[in-house]
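Computed from a predicted model, the values in this text were never measured in an experiment. Just so it is clear, the values below take in all heavy atoms, side chains as well, and ignore hydrogens, waters and symmetry mates.
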Amino acid sequence: MIGKTYWAAALAALTAAMPAWAQEAPAEEGEIVVTAQRRQENIRDVPLAVSVVGGERVSAIAEGGADILSLAGRVPSLYVESSNGRYAPRFYIRGLGNVDFDFNASQPVSVVLDDVVLENVFLKGFPMFDLDRVEVLKGPQGTLFGRNTPAGVVKLETRRPGRDAEGQMTLTAGELGTMRGELGVTVPASDTLSIRLAGLVNHRDNWVDNAFNPSFARAGKDLGRFDDIAGRIHVAWNPDSPLSVLLTVQGRRLDGTGTLNRANVLTTGSNRLNARYDRDRVFYDGGLNNPQRQGTTSQAIHADYDLGAATLTAIVSAYQGSSAGRGDIDGGVLGTTAGSGFIPFRSETGTLSSDLDQQTYELRLASNGDTRFGYQIGAFYWHERFKLVSGSFDGVGGINPTIISELRQTSDSWSGFGQLRYDLTDRLRVTAGARWTHDLRNLAADRTRGAAFSTTRRVSDGQPSWDVSLLYRADDSVSLFARVARGYRGPSIQGRIATSNIVTTARSETLTSYEAGLKAASADNRFRLDLTGYTYQIDDPQFTAIGGQGNFNQLINARRGIGRGVEVEATANLFRGFQLNGGASYNYTRISDPNLLVAFCGAACTVLDPIVNVGTTRRAAINGNPFPQAPRWQFNVNAAYTHRLAGGGELYAQTDWVGQSRFNLFLYEATEFRVGTNVEGGARIGWRMTNGVDLFAFARNITDESNVIGAIDFNNLTAFVNEPRVIGAGVGYRF
């Protein structure tokens, strides 16, 4: 809870000052290579802010059962949250994201997995396993990346098959019946053909009681479980010719509990969890214990043909998915109970079914080598078809929905792009690029049970994105860069017709960003420092007004949005065996629209904004407010100490801490929905043997913090919190 964060922060500071712990073992000294510009480059040669999280670190963070939300705060200016359990995460970079919780929502941060954009929030929660690294590209990335990137890109790179047999596995077990197994093995089939097999099994038992115990509750623990199983096959063909091909097939199956909404755990006039909060207990009279299921499959082919002076690349992919789920949205029991407090009306909704089909096609020609002049040109097409059948339920433990709605949405995006770079001198490089994108989206919605309702909407637009940058190599260890870029997010449609007749649209938003920075490393790469300052302005920013007077979700355009900040990352190998690294960011955001009004909390909350009467309704004026889910301060610190044994092998100790300052959960400001300072940490100790075996013990959320990460405002003072503490042990093996 909030009170624990003070000593947790002190422990984090102490950790950073002494050679003790970290998130992963010290990395080998060497260069950091990224593909932020669709080609392999030293990170100091990339003229934009890029942060990297290594694949081993990602696996260690997740060993207590965590999902992609665990990336929040791991690099400066990155935040991730969700109100949809283990699927449909929402990403924010430099304070810019979208709190829209529906599956057809548009986001300004793109997630790209192995050069394929995962546009739908439905896909962005695909489990992280057998990763080589995660690259976080900050600021507009519209020139080279194909969908909705005005805030940036989270780029996931999996391990690819090489020519040699190798692999690794990790198996962990911990509290709450948590078990996680990860495997990645490369199997050379011939001199030209190689296969990479990778898989993940992630499990947790039920650990939360439904203390209301309605007819649908089971004996013992009722909620909290999950089984998340995923697999991937890479097949790489590299004949003795200019052609190389990578075929990828992967899939996921999730079955578990959705987000646990907790009614009235906030008190009027306070943002602290009150005595009604009990991490191990809820009171639900609906939702059938919040079940959640999702399945996705995908196929992709990536072909490169070396023409000598340039390489022609073609990428074709297809994703399919389906899901279903249900939830007690009000988080309590109708009326007044000792457990959940006063619930004025019941709110229980669910996804009866959803079906997704996404296809992408990309063709790109890029010059080879690090010559004085380089270029990339290409074309991109994205198509999505999405169908969502939703229901609203009434009655304790009701099986059949009283309202059923069906939403059908098709989306298409076409674009052409190009980028040029030229070395003006041996030390000064200029890079410029542009893309033209045309977006089209059609929505048809019908209510098939309940009061009849039917509507259609269509939005379309075409806009340019571009960027210009300068990179100056002061010497072999220091680079300076400056960049100006324009980003674009296409128009959107949204409607929750299972709970209202409101269908809204939003115009395209455009963002202009200015940033400058320094990237430095010592000659032996023992010390690194990245420093970036930025400012941006958004015209017609798309925001989502959720909740307020009901379970609604409405798109709005503000007149303007403003952001500015500073980001710093540093690594220090202070002495043999000890590495310390971390980062911090300051992100200031502000909504600028004197006429923008939104509905506010229907429960007994304390609104801090001016209240305006509009006819018989009251609205909050949000001009000057920060963007929602946008912490002003974030920090992360990681440390490791490794002791080499005389007979071979290593003993190691590691820790990691992340934290953020307070932020608003909604567009309006209210005392109860302004999240306080949060800190969370983990630790690991282990023994790596010479035979490749690694025995270790770990703790995630080691201080057992209960941090509010989201809320529901239209019915009562409901909140949901972070993952519980998990202490466990594991074994790893490399060959």
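Counting only heavy atoms from C-beta outward, the side chains of R725 and I727 approach each other to under 4.5 Å. By the 4.5 Å heavy-atom criterion applied to side chains, I315 and V116 are counted as neighbours. Considering only heavy atoms from C-beta on, V117 stays 4.5 Å or farther from V111 through its side chain. Put simply, the side chain of V136 reaches to within 4.5 Å of the side chain of I93, judged on heavy atoms. Side-chain contact between E135 and V154 is absent, with no heavy atoms from C-beta onward closer than 4.5 Å. Contact annotation: the side chain of S194 approaches that of T186 to within less than 4.5 Å [non-hydrogen atoms, C-beta and beyond]. Contact check for P89 versus I68: side-chain heavy atoms found under the 4.5 Å cut-off. Between T360 and R147 there is no side-chain heavy-atom pair separated by less than 4.5 Å.
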**Asked** Hey, mind stepping through E81 and Y92 against side-chain hydrogen bond (donor to acceptor under 3.5 Å, both in side chains) and telling me if it holds?
**Response** CA-CA 9 Å; E81 54 87 22; Y92 304 76; 2.5 Å; yes

**side-chain hydrogen bond (donor to acceptor under 3.5 Å, both in side chains) between Q37 and D45, worked out** = CA-CA 10 Å; Q37 296 192 110; D45 293 333; over 6 Å; no

**Message:** Between N722 and E680, is the side-chain hydrogen bond (donor to acceptor under 3.5 Å, both in side chains) condition met? List the steps.
**Reply:** CA-CA 10 Å; N722 61 330; E680 188 174 316; 2.8 Å; yes

**Asked** Please walk me through it: do W207 and R279 pass side-chain contact (heavy atoms from CB on, under 4.5 Å)?
**Response** CA-CA 10 Å; W207 58 278; R279 187 187 278 278; 3.8 Å; yes

**Criterion salt bridge (charged side-chain N to carboxylate O under 4.0 Å, His left out) on R225 and D227, from CA distance to verdict** = CA-CA 7 Å; R225 64 173 292 270; D227 285 288; 2.5 Å; yes

**Request:** Take Q320 and Q299 through the side-chain hydrogen bond (donor to acceptor under 3.5 Å, both in side chains) test and state the conclusion after the steps.
**Result:** CA-CA 9 Å; Q320 309 84 35; Q299 310 81 37; 3.0 Å; yes

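Annotation: side chain to side chain donor-acceptor pair (under 3.5 Å) contacts of R252 (sequence neighbours excluded): D228, Q294. The ring pair (Phe, Tyr, Trp, His ring centres under 6.0 Å) test applied to W687 returns no partner, not counting sequence neighbours. In terms of the salt bridge (Lys or Arg N to Asp or Glu O under 4.0 Å) criterion, D306 has no residue partners (sequence neighbours excluded). Every residue two or more places apart in sequence or in another chain was checked for a ring pair (Phe, Tyr, Trp, His ring centres under 6.0 Å) with F145, and none qualifies. For F481, there are no ring pair (Phe, Tyr, Trp, His ring centres under 6.0 Å) partners, not counting sequence neighbours.
The minimum heavy-atom distance linking P127 with L200 is given by the pair CB-CD2, 3.5 Å. Across every non-hydrogen atom of G85 and T259, the tightest pair is N-OG1, 2.7 Å. Across N368 and G308, no two heavy atoms sit closer than the pair ND2-O, 2.9 Å.
For the atom pair S477 OG and D524 CG, the distance stands at 9.0 Å (nearest 0.5 Å). Once rounded to the nearest 0.5 Å, the distance linking CG of N202 with CE of M128 reads 10.5 Å. Between the OG1 atom in T257 and the CD atom in Q292 there is a gap of 8.0 Å [rounded to 0.5 Å]. Atom CZ of R86 is separated from atom CG of D67 by 4.5 Å, given to the nearest 0.5 angstrom. Annotation: the span from R204 atom CZ to T178 atom OG1 amounts to 3.5 Å, rounded to 0.5 Å. Taking CG from N678 and OG from S706, the interatomic distance works out to 10.0 Å, rounded to the nearest 0.5 Å.
Cation-pi check for R684 over Y652 is not met; the charged atom does not lie both under 6.0 angstrom from the ring centroid and within 45 degrees of its normal.
Of the candidates R734, R159, R196, E166 forms a salt bridge (Lys or Arg N to Asp or Glu O under 4.0 Å) with just one, namely R196. With E157 as the fixed residue, the side chain to side chain contact (heavy atoms under 4.5 Å, CB included) test singles out one of D114, V52, V34, V112: D114.
Between F122 and Y87, the two ring planes are parallel [angle under 30°; tilted spans 30° to 60°]. The aromatic rings of F129 and F126 are tilted relative to each other, their planes meeting at an angle between 30° and 60°. Ring orientation note: the planes of F575 and F578 are close to parallel, at an angle under 30° on the 30°/60° scale.
With T149 contributing its side chain and G152 its backbone, the two residues share no donor-acceptor pair below 3.5 Å.
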Would you list the atom pairs, donor with acceptor, under 3.5 Å between side chains in residues 234-247 and any protein atom, with sequence neighbours excluded?
{"residue": "H234", "atom": "ND1", "partner": "T248", "partner atom": "OG1", "Å": "2.7"}
{"residue": "H234", "atom": "NE2", "partner": "T158", "partner atom": "OG1", "Å": "2.8"}
{"residue": "S241", "atom": "OG", "partner": "L243", "partner atom": "N", "Å": "3.3"}

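Open room surrounds CZ on R644; 12 or fewer heavy atoms of other groups in view lie less than 6.0 Å from it. Heavy atoms of other residues, nucleotides or ligands lying less than 6.0 angstrom from CG of N691 number more than 12.
N638 and D656 form no side-chain donor-acceptor contact under 3.5 Å, judged by distance and modelled atom types alone.
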